[in-house]
Participant: 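My structure is below; once you've seen it, I'll send some questions.
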2 protein chains.
Amino acid sequence: MQVAVNFFSKHKQVISYGLSLAILLFLLKWLEMRYVIINHSLEIYIGAIAMIFTGLGIWLALKLTKPKTVVVEKEVFIHSEDTFYPNNQSIEKLGISRRELEVLQLISAGFSNQEIADQLFVSLNTIKTHSSNLFGKLDVKSRTQAVEKAKRLNIIGK
Amino acid sequence: MQVAVNFFSKHKQVISYGLSLAILLFLLKWLEMRYVIINHSLEIYIGAIAMIFTGLGIWLALKLTKPKTVVVEKEVFIHSEDTFYPNNQSIEKLGISRRELEVLQLISAGFSNQEIADQLFVSLNTIKTHSSNLFGKLDVKSRTQAVEKAKRLNIIGK
DNA sequence: TTTTAAGTCATACTTTTGAGTGATTTTGGT
DNA sequence: ACCAAAATCACTCAAAAGTATGACTTAAAA
């Protein structure tokens, strides 16, 4: 029982197409009789049939063919900025404080010590102390090295 | 002249289909005459035409329709280390030379001017000149800014 | 051949960075 | 209230970075 219902629902389209075809054939039969009786030109009749069935064929083909699926691979660049999470383990292990991390981020953004001092409302000397302590903890000798290493250790974003 | 050639080559397929159709129609005319003469059943003749033109319609539809393209977006994770290609357009636009690019890469790797000079077997002053020119072209004022901007412009890898 | 751009190097000078040291103040937790 | 870490700042000195200018060589392009 269930199987039968399943069959009908699954082939609903095909069945409806079949029915349409049958109706069309009956229509043609009727047309044929009329034309034969009225004795019109056979060419017109033939032409009509040809056109109708050409159209039917086109319609059938368009409806029944599966879409030719073309899979286009589209590159989606995943920017690490979107998914960056600082490696807190590294930060704690190295004993880097919040303020130092802040300074580190500004250094990596390309700011000079003076600019960082202005942004954080502290003196230039303070920033120098922070950066110096930072270099010690990161075991580097310059700001560019610090940035390179911090990015490598995922302490700051890339 | 060129236009005409262009027209024929561009519509080659459509034209060949049209010719096929014409040939088919002549064939039918011939069949019609034979059937009329031999006085066979009209139903068979009609049926044959219907089938032929249905087939023609299907064939036409299949040949002429563009494939229904389904674009499937596929996420491709690009690891910058594996697949970095320098943005040559930016490099050319800024007029950065090979040597300057080389210096830029070493700067971003965290090397000092002296270390870079040693690696490239040139003098410290030469590296200073290169980096100074580089900063001018990148419109920055320090090596850290240069690194930041160059990475942002995809001139060097991250 | 002349011109042009790239690369090299030097000198003189200024600015920035970084090391080392020491000191004071905040802050958070026991 | 006390302690320790964090944060602040100053001062000096040295090294590195950066600017400006000019000169020389070479290779490629006009």
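Numbers restart at 1 for each chain; the letters A, B, ... are given by sequence-line order, proteins then strands. Not measured: the values here are computed from a predicted model.
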Participant: If you count heavy atoms of other groups shown closer than 6.0 angstrom to CD of A/Q119, is the number above 12?
Facilitator: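 For A/Q119, atom CD is crowded (more than 12 foreign heavy atoms under 6.0 Å).
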Participant: Could you pick out which residue, B/K128 or B/G95, lies toward the 5' side of DNA chain C when each is mapped onto its nearest nucleotide?
Facilitator: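 Between the two, 5'-proximity favours B/G95.
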Participant: Quick check for you: among D/dC9, D/dT19, C/dC9, whose closest atom lies nearest to any side-chain atom of A/T126?
Facilitator: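 Selected nucleotide: D/dC9.
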Participant: When you measure from the side chain of B/V122, which nucleotide among C/dA6, C/dT8, D/dC9 comes out closest?
Facilitator: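 Nearest listed nucleotide: C/dT8.
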Participant: I need the CD-C1' distance between A/E100 and D/dA5, as an integer number of Å.
Facilitator: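 Roughly 11 Å, once rounded to whole Å.
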Participant: Going by atom types alone, do A/S123 and A/T126 pair a side-chain donor with an acceptor below 3.5 Å?
Facilitator: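 Yes, a side-chain donor-acceptor pair sits under 3.5 Å.
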Participant: Need one value for B/N113: base, sugar-phosphate or nothing, where a base atom within 4.0 Å counts as base even if backbone is also close, heavy atoms only.
Facilitator: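 Here B/N113 touches the backbone only, sparing every base.
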Participant: Regarding B/S131, tell me which of base, sugar-phosphate or nothing describes its non-hydrogen contacts under 4.0 Å with the strands shown.
Facilitator: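 Counting heavy atoms under 4.0 Å across all strands, no contact is made by B/S131.
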Participant: With respect to the side chain of A/S97, which nucleotide from C/dG18, D/dA7, D/dC9 is positioned closest?
Facilitator: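 That would be D/dA7.
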Participant: Tell me the interatomic distance from A/H130, atom NE2, to D/dA5, atom C1', rounded to whole angstroms.
Facilitator: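 Distance, rounded to whole Å: 13 Å.
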Participant: Once you round it to whole Å, what is the distance between P of C/dT8 and CZ of B/R98?
Facilitator: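 So the two atoms are 12 Å apart, to the nearest Å.
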Participant: Using whole Å, report how far CG of A/L138 lies from P of C/dA19.
Facilitator: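 So the CG-P distance, A/L138 to C/dA19, works out to 12 Å.
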Participant: How many whole angstroms separate atom CG of B/N133 from atom P of C/dG7?
Facilitator: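 So the CG-P distance, B/N133 to C/dG7, works out to 10 Å.
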Participant: Look at all strands and tell whether B/T129 reaches a base, only sugar-phosphate, or nothing, counting heavy atoms closer than 4.0 Å.
Facilitator: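 Base contact - B/T129 has a heavy atom under 4.0 Å of at least one base atom.
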Participant: What integer distance in Å separates A/Q114:CD from C/dT15:C1'?
Facilitator: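 The distance from CD of A/Q114 to C1' of C/dT15 comes to 11 Å, rounded to the nearest Å.
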Participant: Quick one: which of D/dT19, D/dC11, C/dA19 gets closest to the side chain of A/F135?
Facilitator: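 When the side chain of A/F135 is considered, C/dA19 is the closest of D/dT19, D/dC11, C/dA19.
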Participant: Check whether the side chains of B/N88 and B/E92 place a donor and an acceptor atom closer than 3.5 Å, and report yes or no.
Facilitator: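 Looking only at side-chain atoms, B/E92 and B/N88 do not form any donor-acceptor pair under 3.5 Å.
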Participant: Using atom CZ of A/R143 as one end and atom C1' of C/dT16 as the other, report the distance to the nearest whole Å.
Facilitator: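 After rounding, the gap between these two atoms is 8 Å.
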Participant: Check the distance between D/dA7's C1' and A/K137's NZ and give it to me in whole angstrom.
Facilitator: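 It is 11 Å, rounded to the nearest whole Å.
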Participant: Could you go step by step and tell me if A/R98 and A/E102 meet the salt bridge (Lys or Arg N to Asp or Glu O under 4.0 Å) rule?
Facilitator: CA-CA 6 Å; A/R98 286 174 206 157; A/E102 206 170 353; over 6 Å; no
